[in-house]
There are 2 protein chains.
Amino acid sequence: MEFKEAKNKFVQTWGALGSQWGINKTMAQIHALLMISNEPVSMEDIMDELQISRGNTSMNLKALMDWGIVYKEYKAGERREFFTAEKDLDELAVKIAKERSKREIKPALKILKEVSTIEAKDSAEEKHFVDQTSKLYDFVLKADNMLDKMTEFNDNWLGRLVMKIMK
Amino acid sequence: MEFKEAKNKFVQTWGALGSQWGINKTMAQIHALLMISNEPVSMEDIMDELQISRGNTSMNLKALMDWGIVYKEYKAGERREFFTAEKDLDELAVKIAKERSKREIKPALKILKEVSTIEAKDSAEEKHFVDQTSKLYDFVLKADNMLDKMTEFNDNWLGRLVMKIMK
DNA sequence: TTAAACTTTCAAAAATAAATGAAAGTTTAT
DNA sequence: ATAAACTTTCATTTATTTTTGAAAGTTTAA
């Protein structure tokens with residue numbers, strides 16, 4: 001396989017993976033492109049490489065910057081803006097985890113708490129509902145706290161975690 | 001909040017959460033409904049409760065059964081089939097993790113291996129590509145193995161894991 | 001200040017994913 | 001074997017999400 005083919009395959013795969021995990025295809029593809037680029041890339045280049053519109057590129061770059069996994073860079077003597085991706089994978093995973101926790105898990109926990117604390121009266125059905133949603137609340141809270149813990153580890157938390165799990 | 005309202009809120013929230021994580025809304029809603037039901041539910045009841053068509057219900061129940069998180073049940077003297085959800089949350093998490101690993105992570109790893117083993121020639125650009133995709137391969141492999149480890153823990157792996165992380 | 005060079009926004013269009021429902025397929029009791 | 005009772009399939013429709021691109025907005029150098 002030659003370089004250009006491999007590069008394309010990687011960008012496509014990363015894009016497809018993104019959509020399966022609730023991140024839009026273009027956003028994932030731009031991120032992929034920046035990840036494997038050894039120097040900052042201009043918006044023009046991204047549009048050209050991925051064959052997407054200016055608006056789409058702009059919106060998704062903004063989203064990636066909101067997630068904190070893509071940075072703007074300025075080159076001396078250049079009017080245009082350039083972009084780079086967070087390339088450290090531990091850092092990347094932590095940022096994605098934090099963002100999804102904030103956007104999705106925290107609001108879900110709020111709802112779970114609400115519904116699990118209704119007064120259960122005496123029907124078996126209602127008792128089961130309260131029991132099950134309470135358990136779910138505890139589970140999700142525990143999982144979310146685990147994500148928080150990851151962010152406290154300074155370096156290579158994944159490797160260290162695997163070590164611990166293996167005993 | 002009364003029971004009916006809480007129940008509805010839970011089902012809607014679970015459905016929305018599902019779509020954010022690449023699982024279709026109805027599939028997640030059916031699962032939610034079965035999770036909080038203290039007894040097996042018929043297809044008719046699911047259709048009625050969620051206001052969805054027979055075909056949709058059937059397809060998504062099948063998908064849930066393929067994932068191994070919903071079971072068919074037969075009631076004595078009843079022609080109809082009933083359904084129940086896996087209610088043990090550890091078991092549920094393990095099954096979902098296994099399934100997503102099989103469907104998404106394993107194929108992605110295959111591609112990552114392919115593209116990271118191209119011959120890098122001498123350009124800095126190609127060297128960076130190979131370096132970055134190799135690192136990504138290692139990272140994803142490690143994360144996937146972590147999921148595997150979870151499944152080996154017999155009971156309450158999440159609780160134990162949190163204990164370990166906390167030191 | 002101005003205008004060139006660039007970026008962002010957002011209503012409309014296109015692409016994608018999900019849902020419908022009628023027809024085909026199964027199963028089971030008699 | 002039959003028909004009633006039920007489930008599944010899949011071509012079509014509907015809903016949702018993403019993309020486009022022209023217009024509006026912004027920044028910078030002179």
Side-chain angles (χ1 to χ4, degrees), chain A residues 11-34 40-67 70-84 100 103-104, chain B residues 11-34 40-67 70-84 100 103-104:
Chain A
V11 171
Q12 295 307 319
T13 304
W14 211 237
L17 214 58
S19 18
Q20 279 167 328
W21 287 86
I23 284 153
N24 95 47
K25 195 183 68 180
T26 305
M27 186 167 156
Q29 285 184 343
I30 294 176
H31 183 251
L33 195 64
L34 296 179
V41 183
S42 73
M43 203 166 121
E44 214 70 34
D45 286 346
I46 295 170
M47 287 168 58
D48 191 59
E49 189 101 36
L50 300 178
Q51 290 291 306
I52 55 175
S53 73
R54 189 173 294 284
N56 196 7
T57 310
S58 168
M59 301 250 286
N60 284 113
L61 276 172
K62 187 173 182 307
L64 285 164
M65 288 187 291
D66 287 347
W67 279 62
V70 161
Y71 314 110
K72 227 179 226 178
E73 267 188 31
Y74 298 96
K75 277 193 187 173
E78 271 275 14
R79 182 80 156 267
R80 290 177 299 169
E81 295 174 341
F82 291 82
F83 301 89
T84 22
R100 297 207 81 150
R103 291 176 195 227
E104 294 147 21
Chain B
V11 170
Q12 295 307 320
T13 304
W14 210 237
L17 214 58
S19 18
Q20 278 167 327
W21 289 85
I23 284 151
N24 94 47
K25 194 183 68 180
T26 306
M27 187 168 155
Q29 285 183 343
I30 294 176
H31 183 251
L33 195 65
L34 296 178
V41 183
S42 73
M43 202 165 121
E44 214 70 35
D45 287 345
I46 295 170
M47 287 167 59
D48 192 58
E49 189 100 36
L50 301 178
Q51 290 292 305
I52 54 175
S53 72
R54 189 172 292 285
N56 195 8
T57 311
S58 168
M59 301 253 283
N60 284 112
L61 277 171
K62 188 173 182 305
L64 285 164
M65 288 188 291
D66 287 347
W67 279 62
V70 161
Y71 314 109
K72 227 178 227 180
E73 267 188 32
Y74 298 95
K75 277 192 187 174
E78 271 276 16
R79 182 82 155 264
R80 290 177 300 168
E81 296 173 339
F82 291 82
F83 301 89
T84 23
R100 297 207 81 150
R103 290 176 197 228
E104 294 148 20

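Naming: A, B, ... by sequence-line order, numbering from 1 per chain. The figures that follow rest on heavy atoms only: side chains count, while hydrogens, waters and symmetry mates do not.
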K.L.:
Among C:dA19, C:dC10, D:dT18, find the nucleotide with the atom closest to the side chain of A:Asn24.
P.N.:
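For the A:Asn24 side chain, the nearest candidate turns out to be D:dT18.
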K.L.:
Check A:Ser42 against A:Phe82 and note the closest heavy-atom contact, atom names and distance.
P.N.:
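Heavy-atom minimum between the residues: N-CD2, 3.6 Å.
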K.L.:
Take atom CZ of A:Arg80 and atom P of C:dC6, then tell me their distance rounded to the nearest Å.
P.N.:
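Distance, rounded to whole Å: 7 Å.
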K.L.:
Let me know the distance between CD of A:Gln51 and C1' of D:dT19, rounded to the nearest Å.
P.N.:
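Answer to the nearest Å: 14 Å.
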K.L.:
Return the value, rounded to whole Å, for the distance between atom CE of A:Met47 and atom C1' of D:dA22.
P.N.:
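So the two atoms are 13 Å apart, to the nearest Å.
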K.L.:
Starting from P on C:dT7, measure out to CG on A:Asp45 and report it in whole angstrom.
P.N.:
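Whole-Å distance recorded here is 11 Å.
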K.L.:
Please work out if B:Ser19 contacts a base, only the sugar-phosphate, or nothing of the nucleic acid, heavy-atom cut-off 4.0 Å.
P.N.:
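Here B:Ser19 touches no strand at all.
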K.L.:
With sugar-phosphate meaning primed atoms plus P, OP1 and OP2, does B:Asn56 contact a base, only sugar-phosphate, or nothing at under 4.0 Å between heavy atoms?
P.N.:
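Counting heavy atoms under 4.0 Å across all strands, the contact made by B:Asn56 includes a base.
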K.L.:
Which distance, rounded to the nearest 0.5 Å, do you find between the CD1 of A:Ile52 and the OG1 of A:Thr26?
P.N.:
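Rounded to the nearest 0.5 Å, the CD1-OG1 separation comes to 5.0 Å.
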K.L.:
Specify the separation, in whole Å, of atom NZ of B:Lys72 and atom P of D:dC6.
P.N.:
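Distance check: B:Lys72 NZ to D:dC6 P gives 14 Å.
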K.L.:
If you measure from CD on B:Gln29 to CG on B:Asn24, what distance do you get to the nearest 0.5 Å?
P.N.:
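So the gap between those two atoms works out to 9.0 Å.
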K.L.:
For A:Thr26 and D:dT18, is the shortest distance between a side-chain N/O and OP1 or OP2 below 4.0 Å?
P.N.:
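False: A:Thr26 side-chain N/O out of range (4.0 Å or more) of D:dT18 OP1/OP2.
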K.L.:
Drop me the distance from A:Leu64's CG to A:Lys72's NZ, to the nearest 0.5 angstrom.
P.N.:
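So the gap between those two atoms works out to 13.0 Å.
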K.L.:
To the nearest Å, how far apart are B:Leu64 CG and D:dT8 P?
P.N.:
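Spelled out: CG on B:Leu64 to P on D:dT8 is 13 Å.
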K.L.:
How do A:Ile52 and B:Leu61 order along DNA chain D: which one's closest nucleotide is nearer the 5' end?
P.N.:
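Of the two residues, B:Leu61 wins.
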K.L.:
Less than 4.5 Å apart, any side-chain heavy atom of B:Met27 and any of B:Val70?
P.N.:
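A side-chain contact under 4.5 Å is absent here.
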K.L.:
Calculate the interatomic distance between B:Glu81 atom CD and C:dT27 atom C1'; express it in whole Å.
P.N.:
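Computing the B:Glu81:CD to C:dT27:C1' distance gives 9 Å.
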K.L.:
Which nucleotide in the set D:dT19, C:dT8, D:dT8 lies at the smallest distance from any side-chain heavy atom of B:Met43?
P.N.:
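Output: D:dT8.
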K.L.:
Taking CD1 from A:Ile46 and C1' from C:dT7, how many angstroms apart are they, rounded to a whole number?
P.N.:
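Spelled out: CD1 on A:Ile46 to C1' on C:dT7 is 13 Å.
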K.L.:
I want to verify a distance call: between D:dC10, D:dT7, D:dT19, whose nearest atom is closest to the B:Met59 side chain?
P.N.:
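Output: D:dC10.
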K.L.:
Return whichever of B:Tyr74 or A:Lys62 has its heavy-atom-nearest nucleotide of DNA chain C closer to the 5' end.
P.N.:
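With B:Tyr74 and A:Lys62 compared, the 5'-side residue is A:Lys62.
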K.L.:
Between B:Ser53 and A:Ser58, just flag the one whose closest nucleotide in DNA chain C comes earlier from the 5' side.
P.N.:
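It is A:Ser58 whose nearest nucleotide is closer to the 5' end.
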